[in-house]
Amino acid sequence: MRAPGGPRLLLRRLREVMAEPVTAQARLDRIVVLIASNMVAEVCSLYVARADGPLELYATEGLNREAVHLTTMRPGEGLVGLIAATAEPLALSDAQNHPAFSYKPETGEEIYQSFLGVPVLRSGATLGVLVVQNRARRTYSEEEMEALQTTAMLLAEMIASGELQSIGGQGAAIALRSAVTLAGQPIAEGLGLGRVVLHQPRVAVGKIVADDVAFELDRLEKAIDAMRASVDALIDRSDDGRSGEHRDVLEAFRMIAHDRGWLRRLREAVTSGLTAEAAVERVQNDARARLQRQTDPYLRDRLHDLTDIANRLLHQLAGQSLVLQPTELPENAILVARSMSPAALLDYDRSRLRGVALEEAGASSHIAIVARALGIPAVSDIPNISEIVEQGDAIIVDGQTGEVQLRPPPDVEASYAEKARLRARRQDQYRALRDTPSVTLDGVPIGLHMNAGLLIDMPHLEETGAPSIGLFRTELQFMLAPRFLRLEAQAALYRSVLEAAGERTVTFRTLDIGGDKMLPYMKDLDEENPALGWRAIRIGLDRPVFLRLQLRALLRAAIGRDLKVMTPMVSTVGEFVAAREMLDMEVDFARRCGRDLPRSIAFGAMVEVPSLLWQIDEIARVADFLSVGSNDLMQYLFAADRVNKRVAGRFDALSTSFLRPLKTIADAGLRHSTPVTLCGEIGGRPLEAMALIALGYRQFSMAATAIGPVKAMVLSLDAGEAKRELDALLADSDPTQSLREPLQAMAERLAVRL
Ligand code: PEP
Ligand code: MG
């Protein structure tokens, strides 16, 4: 049976109703009457999903009107609940014999045999269910189902506009505005409260019904052509690494952009009376419903690709740029995106950014490096966040726990705001210590230096009052660049770092690539055990051109200044000596070329491979200084991958079995008068730093944010007393046990501020 007047007429009528100046309830009542009559159905009902879970009957033609705002269905309950749970339409000629059928006496619905229901969808969320029913048994046509789905889109816009917010039965908010707690992975610490800003803003499909179908078809064709051309251009750019997108993803985009089935569905949707934008949204809603239930990760990825390409098409139609212009950023912005390149994050105005929430952070998480350097809390791996949020939603990003609170209720928001205030107060207190010398109660100076890796880290030197950069991770800049940095680019970068450091020294670490720090253009280095593979100094010695180029660039950048360089992942003294010979060759080369040299050159070794513990005297003798990389030392000593969450937290840095080798290194430094710094994460944690001072460490390099808390600890510590207590603990303790608890107790006894 065909609907009289067809879907186009219905849509036109609905549009008129939408524009009428009546109350939301009156409008809904008119809409259900119109749909019922157009589809020759005795019943038409709209259920809206409420924030507290159930679907509430908001309007009906044909069922008992008294039931409006009283009848509710839980998701999964009855046919309506089934449609909401599956996000799929359902057409039945014998509804009462369907296993999910549930009888609600107040609606008087038992006399209706046929049932057609569709979900009301918007951006992947089910906002409600729209139903028509007939007394007689009948089979609904494809066309009728389509018409009802299109009508549901209009209702989705109405629900999303907030118009229905005030008319719900028990005053419960509708689901679209409900509070949601999402769990992700913290990638940059801090706490951010603000408003959602979509990095790729969605195009609001304002107009759903077409005035002129031929015109809309023409717009659609032109937009498809333009979108295809833009994808092709991206693929061309990906060849030279400029697009920021992975080529496989782009190829998938190209496939979808030429997919006949997809294009046919788009054209059909326009022919049925939709605008080109509404057609894209409509076809996307269907695809989402189909693909969202897939458990196969490959197919779910295709949904992402399909969403991306539909989004591109919508932007093309609206004539808007795909990503937000960084200059358009509002205050208190929390950027939400499926993924984002580090360069894109750097483009935004830092002073307006409060946080970043992503679905995926991407390989080795370069965005995390940038977010940390900028001091912006960030969380990744949040399933579906870019689809769930609405522009301007209130949102909280917790970079400690990885939790994201979307549209938080007032009490949750208040408690986070309090947490943020406390944090800010503590930060202020730490800032107040900026110029206080870092000396223990018994007069032992403790050097608290700063770790850095990007130019954007450098302003933190001033803010923290750190006396120097104790570790500059040169590879970070390489990880962000599309290709290997040549001599001049490297020299310019190091020069800028030195200039930004002013009088303070900078300890540059030569490239530490491989393992958890892959370069985008080295991906094909497919190793079974990358952490134990060809990395850092091993690459430098096997491909001297890289190491020599870097040393040459450093020598040029530091002309007339003190140059400190160290090399990572040294496993044997021989490796260190070979690297030093390369430095000597570069110095000779510079001399022969008549170039000026740095005022002084110090060449150090990182102690982070356990084999050096048994060559510790030899390395302390030949190196100008030692720097303990406790992150890697811990990983290799316990054979526990530092980035594998299953094992990374299994061993404690405060166990005797780790403190003993750390003491071995500090003692060797003393014996040979070779300065020792510790630059791993543990130095930035007050309790661990206290133990390290007790072991004999006097120099640390740490993240800028850690300097304040560690300095507060240092100022309250008696280093001599701590040493006596720790010596006793080490002598007495069971070597298999962690000393965390006794050290905590000791800190309390000695009133050390942690
Ligand atoms: C370390 O290993 O402790 C270290 C400081 O270097 P990275 O974390 O860069 O490996
Ligand atoms: Mg390391």
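Ligands are counted one by one from 1 in listed order, and the atoms in each one are counted from 1 as well. Just so it is clear, the structure is predicted and the values come from calculations on it, not from any experiment.
The aromatic rings of Phe484 and Phe546 are tilted relative to each other, their planes meeting at an angle between 30° and 60°.
Listed by atom number, the atoms of ligand 1 under 4.0 Å from Glu608 heavy atoms are 1 (C), 2 (O). In summary, the atoms of ligand 1 found under 4.0 Å from a heavy atom of Gly629, numbered by their order in the structure, are 1 (C), 2 (O), 3 (O). Of all atoms in ligand 1, numbered sequentially from 1 with element shown, those under 4.0 Å from a heavy atom of Cys679 are 5 (C).
Ring-centre distance between Phe625 and Phe603: not below the 6.0 Å cut-off. Taking the centre of each ring, Tyr494 and Phe508 come in below the 6.0 Å mark.
If you check each of Met702, Met634, Arg642, Glu475 against atom 8 (O) of ligand 1, the one with the closest non-hydrogen atom is Arg642. With atom 3 (O) of ligand 1 as the reference point, the heavy atom nearest to it among Val609, Asn631, Leu471 is part of Asn631.
Side-chain atoms of Thr474 and Gln550 form a donor-acceptor pair, as typed in the model, at a separation below 3.5 Å. Side-chain atoms of Thr401 and Asp398 form a donor-acceptor pair, as typed in the model, at a separation below 3.5 Å.
Here the straight-line distance linking atom CG of Asp457 with atom CZ of Arg473 works out to 9.5 Å at 0.5 Å rounding. For the atom pair Leu695 CG and Asp667 CG, the distance stands at 8.5 Å (nearest 0.5 Å). Rounding to the nearest 0.5 Å gives a distance of 9.0 Å between OH of Tyr636 and CG of Asp641. Interatomic distance, CE of Met746 versus CE of Met690, reported as 4.0 Å (0.5 Å rounding).
Take a cut-off of 2.8 Å around the Mg ion (ligand 2): the protein N, O or S atoms inside it are Glu608 OE1, Asp632 OD2.
The shortest N or O to N or O distance between Arg509 and ligand 1 is under 3.5 Å. At under 3.5 Å, not a single nitrogen or oxygen of Glu681, backbone or side chain, sits near a nitrogen or oxygen of ligand 1.
Val444 places a side-chain heavy atom less than 4.5 Å from the side chain of Ile446.
The part of Asp512 lying near ligand 1 is the side chain, judged by heavy-atom distances below 4.0 Å.
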